[in-house]
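All remarks here apply to the structure that follows.
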Amino acid sequence: MEDKFELVKKMWQTQTLEQLTDLNPDFVMEGVLAKLSKFEKKQFRINVLKILAVVIFILFLAIRVPMSFFSISGLLLVVTGAVFFLTVYMQHQFKVSKLNLENDSLTLIDEAVEFLKRHLLVFKKYFWIFGLLLFVGINLIYFDVFREAEFSLRLIAHSVGSMMIVISYFGGMAIRKFRHKKEYIPVINELIEIKNDFLGENNE
Amino acid sequence: MNRNEKEKYFQKIFNENKDRIYRLCFSVIENKNDADDLFQEVMINVWNNLEKFRGESEVSTWIYRISVNSALLFNKRFSRKKDMNPVIDEEKMKIIKSDIKNNNIEQKELLRILYLCIGKLKRQDKIIITLLLEGLSHKEISDIVGITINYVGVKFKRIKEVLGICIEEKDGR
């Protein structure tokens, strides 16, 4: 086996990229650079879009709601909730580019697992704050907007608005839970399994 | 380092390391198209980390570290292609069977069997055996992966045993 291994090692090292794949090295090189600039532009556009969406939402509400204490307070609560959650979410969003790939693999695995766990915790820890601020904010705005309306209409407006928020909140949480179970937890488990395998000597 | 200098440096690193990095991707990933994707992802990660490279280690060791880490995290955007029962796809097999040049038929067959047997290992073992086939020392592998030098030796012994049995079985047919 020793001789065979040395022989195989020599053969192994003679294999070139061109022999193993139809990828053209020039195209790969160009492709990587093109992909990078596309990715940078795409990221920039996504961020601009997110900020625009928040600004449009705030402007839309600001135009529609009366300029009174309750409405402005409600609007501020909604905006604070949205900005707060978006910021926390983006900070904790898992991206390979946020990891230090120069670390050794065991350190990287620890870092990745921590990152993924933090990502999972974002919704558990902070989404309720956004939900609560939205709930209170919208009800404050409704309280102001429907101030002059009949009691039954006010009740319906508050009930429908609140129900929509509650349904969206629990729906959002359920979708998250499903995605975590399907996508993130298996990755965490696999990384832990690899780590344990790498650390096998300590278990022997 | 301005963009122009960075591109030139990247081009140099790319030309000097493309073969060894592609071999690693091709060895670790069962599916040929995914191996191509991993290779591109490694190169993107090399580009993104290029400015951080301080030259404390060999460029090749630094690139191996980025490649190994990219391979460990590679999972097609979490779309989970579980490789509990890895199968080498037809396209990859075709390449292994025919396109590996400069070797005689017997050697080609040995290389083909080796790929088949490596394909049955766990991802982390595939990485270790590939690094050994690339000629890295136990010390270098220990630095890249983060396990002790002794344990690299233990791992190598075990993987070699498994590969030995697998190669004997396939060779005997």
Side-chain angles (χ1 to χ4, degrees), chain A residues 1-2 4-5 7-23 25-26 28-29 31-33 35-37 39-40 94 96-97 99-112 116 179 182-184 186-187 190-191 193-202 204, chain B residues 7 10-11 14-15 18-20 22-23 26 32 35-36 39-41 43-45 47-49 52-53 62 65-66 68-70 72-73 75 78-80 82 95 99-103 107 110-111 114 122-125 127 132-135 143-148 150-151 154-155 160 164 167:
Chain A
M1 183 61 196
E2 201 58 52
K4 236 181 198 173
F5 188 76
L7 171 71
V8 166
K9 209 161 129 180
K10 270 183 204 147
M11 286 193 298
W12 183 272
Q13 290 172 22
T14 60
Q15 302 171 91
T16 63
L17 177 129
E18 289 84 352
Q19 287 167 3
L20 294 172
T21 179
D22 43 14
L23 277 177
D26 291 337
V28 173
M29 178 73 198
V32 167
L33 293 175
K35 247 187 188 177
L36 274 164
S37 102
F39 179 73
E40 281 162 12
F94 181 80
V96 173
S97 59
L99 301 172
N100 186 1
L101 292 170
E102 292 184 302
N103 279 331
D104 63 68
S105 303
L106 276 182
T107 312
L108 180 96
I109 288 173
D110 280 340
E111 200 189 343
L116 284 163
R179 284 195 61 197
K182 233 18 206 162
E183 297 170 13
Y184 290 85
V187 178
E190 191 176 315
L191 288 172
E193 199 184 304
I194 292 173
K195 186 190 165 184
N196 289 340
D197 191 63
F198 274 148
L199 289 173
E201 66 178 332
N202 297 332
E204 283 159 19
Chain B
E7 270 186 35
F10 180 68
Q11 175 89 59
F14 178 84
N15 288 335
K18 62 180 167 51
D19 295 335
R20 56 175 72 123
Y22 193 81
R23 286 195 294 265
F26 195 66
K32 195 243 164 205
D36 288 353
F39 178 70
Q40 297 221 16
E41 203 169 300
M43 287 306 165
I44 288 173
N45 289 335
W47 171 274
N48 286 335
N49 286 278
K52 285 195 241 163
F53 178 58
W62 178 76
R65 190 174 275 191
I66 289 184
V68 165
N69 286 337
S70 305
L72 284 172
L73 294 172
N75 55 15
F78 296 174
S79 66
R80 304 297 307 132
K82 193 82 177 137
I95 294 162
D99 286 356
I100 297 166
K101 293 156 194 164
N102 306 325
N103 295 311
Q107 288 176 339
L110 185 59
L111 212 47
L114 181 72
K122 287 187 274 188
R123 188 177 286 193
Q124 53 272 33
D125 290 345
I127 287 171
L132 286 160
L133 285 165
E134 287 295 333
D143 286 344
I144 291 169
V145 179
I147 58 179
T148 62
N150 281 347
Y151 197 53
V154 173
K155 273 263 175 206
K160 222 164 65 168
I167 289 172

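Below, read A as the first sequence line, B as the second, and so on, with proteins coming before strands; counting in each chain starts at 1.
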Need one label for Ile194(A): side chain, backbone, both or neither, based on atoms under 4.5 Å from any heavy atom in chain B.
both
With a 4.5 Å cut-off on heavy-atom pairs, point out which of Ile109(A), Asn103(A), Asp104(A) contacts chain B the most.
Asp104(A)
Could you tell me which non-hydrogen atom of Phe198(A) sits nearest to which non-hydrogen atom of Tyr151(B), and how far apart they are?
O-CE2, 3.2 Å
Does a side-chain heavy-atom distance below 4.5 Å link Lys195(A) with Gln124(B)?
no
For Lys10(A), look at atom NZ and say whether over 12 heavy atoms of other residues, nucleotides or ligands are found less than 6.0 Å away.
no
Under 4.5 Å to a heavy atom of chain A? For Leu114(B) that would be side chain
Do Ile167(B) and Val8(A) come within less than 4.5 Å of each other through their side chains, counting heavy atoms only?
no
Quick one: what part of Lys155(B) sits under 4.5 Å from any heavy atom of chain A, side chain, backbone, both or neither?
side chain
Region of Asn49(B) that comes under 4.5 Å of a non-hydrogen atom in chain A
both
Side chain / backbone / both / neither for Thr107(A) at chain B, heavy atoms under 4.5 Å
neither
Starting at CE of Met43(B), measure out to OG of Ser70(B) and round the result to the nearest 0.5 Å.
10.0 Å
Given heavy-atom pairs under 4.5 angstrom as the criterion, report whether the side chain, backbone, both or neither of Ile127(B) touches chain A.
neither
Stepwise side-chain contact (heavy atoms from CB on, under 4.5 Å) test for Asn69(B) and Leu99(A)
CA-CA 10 Å; Asn69(B) 286 337; Leu99(A) 301 172; over 6 Å; no
